[in-house]
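Just below is one structure, and these are the notes that go with it.
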Amino acid sequence: IICGSVHFSVPEELEPGTLVGSLSKHFPPPYQLLTQEYLWMDKNTGNLYTSEQKMDREALCPEETKAEECIILHNAVVAASGDLIQFPVIIEDINDNTPHFENSEIHLRVSEDVTVGTSFLLDGQAQDRDIGHNGELQYHLKGSNGVFSLKVEEDRPLIMLVVQTALDRETQELYEMQLVATDRGTDPLSATATLMVTVTDVNDNCPSFSSDSPRSVTIPGDSPKNMMVAQVKATDPDTGPNAAIIYSLSPRVSKRAKELFSVDSLTGHIRLTQDLQSDNTEELVLKVFASGHHCPPADIQVTVSVLPKAKQELMIKIGFIAEHQNQTMVLPENQPPTVLAVLELEGDSNFKGSSLAIEGEVPFTLSPQNGKYLLSTSKPLDYEMKSEHHISVVMHGRSAEGTAIAPSRHVIRVLVLDVNDNAPHFFQSHYQLEVEENNQPGMSLLRVSASDADSGYNGRVTYRLDKYTSTIFNIDSVTGQLSVSAPLDREQQGAHNLTVFVQDSGSPPLESRATVFIRVLDQNDNTPVFLTPHFIFFIPENVPPFAQVGKIEVKDPDEGENGNTELHVVNSSGLFSVDNTQGTLRTTNNLDRETKDCYELYLLASDHGHLATLTSTARVTIFVEDINDNQPKVILPSSNSSCLTVSPGTMAGTMVTKIYAIDEDSGLNSEITYSVVAPEPVQNSSPFLVDSRSGNIILSHQLLHKDLGMHHLFIVVRDGGKPAPLYATVWVNLLVNDSMEPCHLDRAPTWTGTPDLVQNPSKAPICEVETTRSAQVTLLIGLGMMLASICLLVVTAVFYLKQKRRS
């Protein structure tokens, strides 16, 4: 093992494939790295690269102190001799760890009487796993408002909280601040902990009586023992034992006051210590102390006025029949007339002729019965109209001397209990709103509202939608807020009718319903759609301008202007336009198939969307159909005065000449036929025939002496157009003559026949097949020519032999 000065330093967390160093400067190749967990080596160059597994210094060296280096030893085989070497790789720290507080909250208790400048040690220091500057921490305080500051010891990691201003717990008991720890890395990282400083109390305040403590009270002269006369109240801003208050009577109060009254030391209640039986008016002054710990007592003076006891008077004794609580009768609403109580007069026997009566208009009656009175309802009570009734019962009487005494009143309280007799009521029975389609999911639509005249659970309402309502609509059962959970699509459904139910919580529950009509407003979210992406039309070439080529069907499911489409021809040569009122494609000029028989163009459909116009295109192919608008054109012969010489020895069946014509139409309109126009006798006597298809002029039989001379053939060239073909005429002039000199006519022949022969040619065969007689003639002529040839050959041979002998 060769141990040299070879070492490498690598920052942690490098990306895979980063060059670290090379062994080529120290050792010859080849190279092989034996440990390839974090590095790999090129065996030819000796270059070291980081592998896919990143190096984390804090994970690889968790036990190392911040002062020590993190070293990983690597083994490699180098050179051809296979030397084994070991070299260290030092992993350098980067600022990849954020400072960390062990506790997110730090609590500290400070007495309110602490001296300004006092320091308190904070236990919650932050930790940083990095080293060097990356792990050095500095602290600062946020949110202290100048009340506290930080002091950090340089030589040792101690954080001190320093009090900067005087504290008062009664003014502020809790201070919440943020302790921020920041490292010194190039890109510093920081952490925050909440510092909670609680100011503890000291006994720096004394009790004082509150302003609402009574200064004077009045009691009747027949008040019972233990009756509470008044309550005094003192407060101490301190807390806990420092705020404890003890109440007592001053020792200087009168003897009569000491006998009649006592004060509760804890509550401040002033009570009677005995029953009062006083026929005279008297006034007693009480002085009450409130004492605190280490404080002089606070005092308050309460004057108690005692009134003479009332003289004996008539009293009403109530025997309750209905349910009652604390002298108050409780009756459910909607009950039929019901007896509530039995009233009976009690009092001094000196009263005579006493009676009871109800004062005012109330739904109650008093009916006398055996010296007593029955109190009843006169009609069912309605909680929603009035939930509480006060029955004023007036007592009338006379003294023993017969003088009338002043009437006295007694009020009987009746509470009406609510029953669930009112169904909830919507403020509107029908709601309408408009919503644009493509809304955001979860959008609120409107809030329905209902009320219930009942109370408590009977008046507590909840909302729900009809069970057949689309699941995209939701309603808050408590607030009645209606929302939609998905985007609306007007093209799928332009309106929604919802039924909303409101139900109270009574038993049994009552409910009402309201309808919500939602009209979905259109957005321009659909492009125009052609019926087909490729329209194909056929149109005859003879149509007039602005003729209809075809119907263009385009639809846009949007409504209004968003769905109002307009068509335009995109790449037309101007021969076509769109009639948007009819939705048709029309010509703008005459069409000529012979000039162009097919047109390719594109249509652009655009809507009239408000914010953005949407478009689509379709391809249109227009085939121009041929009509018979071109008559045949004769190319050969080139002139009606041209002439051709035919030898009398021409063989029958020989093509003498040819008529060549063209027609620019197509199909049947361009199929050409040829015919000779002449009366039938003339046609039959002519030695020339014309082939109706090819236009070939054929010699029908061997020319005779009578055939010598000029032959004028008047040829009609017709196309196959329907219903009436077009035609052209030409003269074919043939001169049968022994001399083959060129012939020429000074002027063209003139047709002297009737026009119907040209328009309706003879039905006689134009190109007849040879008859038997003509075939025989042809055969005889052939045999004669053969005999003549043999004779000529023999004569020539004989003449040749004679000449040879002579020589």
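Heavy atoms only: backbone and side chains are in, while hydrogens, waters and symmetry mates are out.
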Look up atom CG in Asp128 and atom OG1 in Thr98, then write down how far apart they are to the nearest 0.5 Å. 7.5 Å

Gln231 and His269 side chains, donor-acceptor separation under 3.5 Å: yes

Can you confirm whether more than 12 heavy atoms, excluding those of His140, are under 6.0 Å from its NE2 atom? yes

If you look at every heavy atom in Pro237 and Cys206, which pair is closest and at what distance? CD-O, 4.3 Å

Check whether the side chains of Ser451 and His425 place a donor and an acceptor atom closer than 3.5 Å, and report yes or no. no

Got more than 12 heavy atoms from elsewhere within 6.0 Å of CD, Gln53? yes

With no hydrogens and no angle check, is any side-chain donor or acceptor of Arg271 less than 3.5 Å from a backbone partner on Phe261? no

Check whether the side chains of Asn420 and Asp504 place a donor and an acceptor atom closer than 3.5 Å, and report yes or no. yes

Without swapping roles, check the side chain of Ser505 against the backbone of Arg460 for a donor-acceptor pair under 3.5 Å. yes

Flag for Asn97-Asp130: side-chain donor and acceptor within less than 3.5 Å: yes

Arg513 side, atom CZ; Leu465 side, atom CG - distance, nearest 0.5 Å: 12.5 Å

CD on Glu15 to OG1 on Thr50, rounded to 0.5 Å: 8.0 Å

Closer than 4.0 angstrom, basic N to acidic O: yes or no for Glu13 and Lys54? no

Within-4.5 Å side-chain heavy-atom neighbours: Leu48 and Leu19: no

Passing candidate, side chain to side chain contact (heavy atoms under 4.5 Å, CB included) with Gln86, options Thr35, Leu34, Val6, Asn75: Asn75

Regarding Asp236 and Asn242, is there a side-chain donor-to-acceptor distance under 3.5 Å anywhere? no

Candidate pair Leu167 and Val147, rule side-chain contact (heavy atoms from CB on, under 4.5 Å), full reasoning: CA-CA 8 Å; Leu167 303 179; Val147 179; 3.7 Å; yes

Please check if atom CZ in Arg215 has more than 12 non-hydrogen atoms from other residues, nucleotides or ligands closer than 6.0 Å. yes

Where is the tightest heavy-atom contact between Val199 and Glu112, given as atom of each residue plus distance? CG1-CB, 3.4 Å

Find the distance between CD1 (Ile159) and OH (Tyr139) and round it off to the nearest 0.5 Å. 4.0 Å

Do side-chain atoms of Asp93 reach the backbone of Ile131 as a donor and acceptor pair under 3.5 angstrom? yes

Going by distance alone, is a donor N or O of one side chain under 3.5 Å from an acceptor N or O of the other, for Gln523 and Glu437? no

Only one of Asp204, Asn205, Asp201, Asp113 forms a side-chain hydrogen bond (donor to acceptor under 3.5 Å, both in side chains) with Arg169, so which one is it? Asp201

Please examine the side chains of Val10 and Met55, heavy atoms only from C-beta on, and report whether any two atoms are closer than 4.5 Å. yes

Using the side-chain contact (heavy atoms from CB on, under 4.5 Å) rule, take Lys43 and Gln32 through it: C-alpha gap first, then chi angles, then the decisive distance, then the call. CA-CA 6 Å; Lys43 65 180 181 180; Gln32 181 183 359; 6.0 Å; no

Answer yes or no: is there a donor N or O on one side and an acceptor on the other, between the side chain of Asn103 and the main chain of Ile106, under 3.5 Å? no

Report the C-alpha separation of Asn526 and Glu491 in whole Å, then their side-chain angles, then the decisive distance to 0.1 Å, and conclude whether the side-chain contact (heavy atoms from CB on, under 4.5 Å) test is met. CA-CA 9 Å; Asn526 290 279; Glu491 288 71 39; 3.1 Å; yes

His107-Glu105 side chain donor-acceptor pair, cut-off 3.5 Å: yes

Exercise: identify the closest heavy-atom pair between Ile72 and Ile91: CD1-CD1, 3.3 Å

Could you tell me which non-hydrogen atom of Asn47 sits nearest to which non-hydrogen atom of Ser22, and how far apart they are? OD1-OG, 2.9 Å

If you measure from CD on Gln172 to OG1 on Thr198, what distance do you get to the nearest 0.5 Å? 11.0 Å

What are the two closest heavy atoms between Phe209 and Ala290, and how far apart are they? CZ-CB, 3.5 Å

Measure across Gly442 and Ser483 and return the closest heavy-atom pair with its distance rounded to 0.1 Å. O-CB, 4.3 Å

Over 12 foreign heavy atoms within 6.0 Å of CG, Asn497: yes

The residue among Thr613, Asn562, Asn524 that forms side-chain hydrogen bond (donor to acceptor under 3.5 Å, both in side chains) with Asp607 is Asn524

Do Gln164 and Ser149 have side-chain N/O donor and acceptor atoms under 3.5 Å apart? yes

Side-chain (Asp454) to main-chain (Asn422) donor-acceptor, under 3.5 angstrom: yes

Intermediate values then yes/no, side-chain contact (heavy atoms from CB on, under 4.5 Å), His74 and Leu39: CA-CA 9 Å; His74 285 73; Leu39 300 174; 3.9 Å; yes

Classify the side-chain pair Gln138/Arg184 by whether it contains a donor and acceptor separated by less than 3.5 Å. yes

Show, in sequence, the C-alpha distance, side-chain angles and deciding distance for Phe148 and Tyr175, and conclude whether the ring pair (Phe, Tyr, Trp, His ring centres under 6.0 Å) test is met. CA-CA 10 Å; Phe148 298 96; Tyr175 292 87; 5.4 Å; yes

Carboxylate-amine/guanidinium contact Arg464 Glu511, below 4.0 Å: yes

Check this for me, if you would: do Arg57 and Glu92 make a salt bridge, where the nitrogen-to-carboxylate-oxygen distance has to be below 4.0 angstrom? no

Gln440 atom CD: more than 12 heavy-atom contacts under 6.0 Å: no

Ring centres of Tyr463 and Phe501 under 6.0 Å apart? no

More than 12 heavy atoms of other residues, nucleotides or ligands under 6.0 Å from CG of Asp212: yes or no? yes

To the nearest 0.5 Å, atom CE of Met160 lies from atom OG of Ser119 at 5.0 Å

With ring centroids as reference points, do Phe517 and Tyr431 lie under 6.0 angstrom apart? no

Leu433 and Leu445, any side-chain heavy atoms less than 4.5 Å apart: yes

Using a strict 4.0 Å threshold on nitrogen-to-oxygen distance, state whether Arg129 and Glu58 make a salt bridge. no

Look at the side chain of Gln325 and the backbone N and O of Val330, then say whether any donor-acceptor pair between them is shorter than 3.5 Å. no

